[in-house]
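The sequence lines fix the lettering, A, B, ..., with proteins before strands; numbering per chain opens at 1.
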Amino acid sequence: DTEVTQTPKHLVMGMTNKKSLKCEQHMGHRAMYWYKQKAKKPPELMFVYSYEKLSINESVPSRFSPECPNSSLLNLHLHALQPEDSALYLCASSHPNGRGAYSTDTQYFGPGTRLTVL
Amino acid sequence: KNQVEQSPQSLIILEGKNCTLQCNYTVSPFSNLRWYKQDTGRGPVSLTIMTFSENTKSNGRYTATLDADTKQSSLHITASQLSDSASYICVVSANDYKLSFGAGTTVTVRA
């Protein structure tokens with residue numbers, strides 16, 4: 001199984017709402033990532049989890065709160081978002097190597113969640 | 001600064017024809033280079049991955065080349081099909097956690 005699944009596929013929320021994005025993989029990968037992608041732009045890294053611990057936070061605003069409940073699941077909790085946060089949110093996973101350089105193995109991406117903030 | 005530049009930005013080809021996409025990078029130290037295919041509104045799907053010592057790698061009708069000396073890569077699509085219409089992204093990784101993404105080439109295949 002080389003699949004990363006994400007739910008929901010689409011999400012529309014108001015600026016005062018609280019919602020969560022979910023990501024799941026069963027490939028035994030111990031590195032998981034959240035990316036944000038605006039239209040016609042490459043993905044931008046937000047967070048990296050390694051062995052269920054937050055390893056990298058790319059200076060993401062606190063209205064985005066990641067959580068890794070176990071080795072297969074990754075959540076992104078959303079609160080008080082702004083319209084400019086509307087984007088495609090991608091989850092990815094990979095094997096981390098022993099030195100902690102997460103990017104040297106292929107990252108498998110999920111289909112993404114299309115988020116619209118009104 | 002690590003950069004990845006792709007050309008052309010977009011191209012239109014007729015079904016059955018071939019095309020070649022280019023990727024130039026300045027990422028250092030170099031670990032590997034991947035080509036991803038991304039359909040609109042979907043996540044990227046890995047097509048090929050090449051390390052420093054590899055010059056060519058194929059995946060069906062997709063063939064990627066790498067010249068690590070000149071820091072250039074190409075992706076050749078043979079006998080294009082309508083389903084090849086997508087964005088093709090060149091991604092280069094150094095020996096750290098971060099991937100350097102190109103802006104992508106949008107390919108449109110017309111019947």
Is it the case that one hydrophobic cluster holds both Trp35(B) and Leu11(B), taking links as side-chain heavy atoms less than 4.5 Å apart, direct or via other members?
yes
Kindly compute the distance separating NZ (Lys41(A)) from CZ (Phe101(B)), expressed to the nearest 0.5 Å.
14.5 Å
Looking at Gly102(B), Gly104(B), Ser87(B), Ser46(B), which makes the most heavy-atom pairs under 4.5 Å with chain A?
Gly102(B)
So, the part of Gln37(A) with a heavy atom under 4.5 Å from chain B: the answer is side chain
Between Gly112(A), Gly110(A), Pro43(A), Ala39(A), which residue shows the highest count of heavy-atom pairs closer than 4.5 Å to chain B?
Pro43(A)
Nearest heavy-atom approach of Ala103(B) to Pro42(A) is CA-CD, 4.2 Å
Give a yes or no on this: more than 12 heavy atoms of other residues, nucleotides or ligands lie within 6.0 Å of atom NZ of Lys71(B).
yes
Taking every heavy atom of Leu88(A) against every heavy atom of Gly41(B), the minimum-distance pair comes out as CD1-O, 4.0 Å
Is the number of heavy atoms from other residues, nucleotides or ligands within 6.0 Å of NZ (Lys40(A)) greater than 12?
no
Please check if atom CD in Glu5(B) has more than 12 non-hydrogen atoms from other residues, nucleotides or ligands closer than 6.0 Å.
no
Arg63(A), CZ atom: more than 12 neighbouring heavy atoms under 6.0 Å:
yes
CZ on Arg42(B) to NZ on Lys9(A), rounded to 0.5 Å
6.0 Å
Apply side chain to side chain contact (heavy atoms under 4.5 Å, CB included) to residues Leu99(B) and Tyr33(A) and explain how you reach the verdict.
CA-CA 11 Å; Leu99(B) 301 180; Tyr33(A) 313 76; over 6 Å; no
More than 12 heavy atoms of other residues, nucleotides or ligands under 6.0 Å from CD of Gln82(A): is that the case?
yes
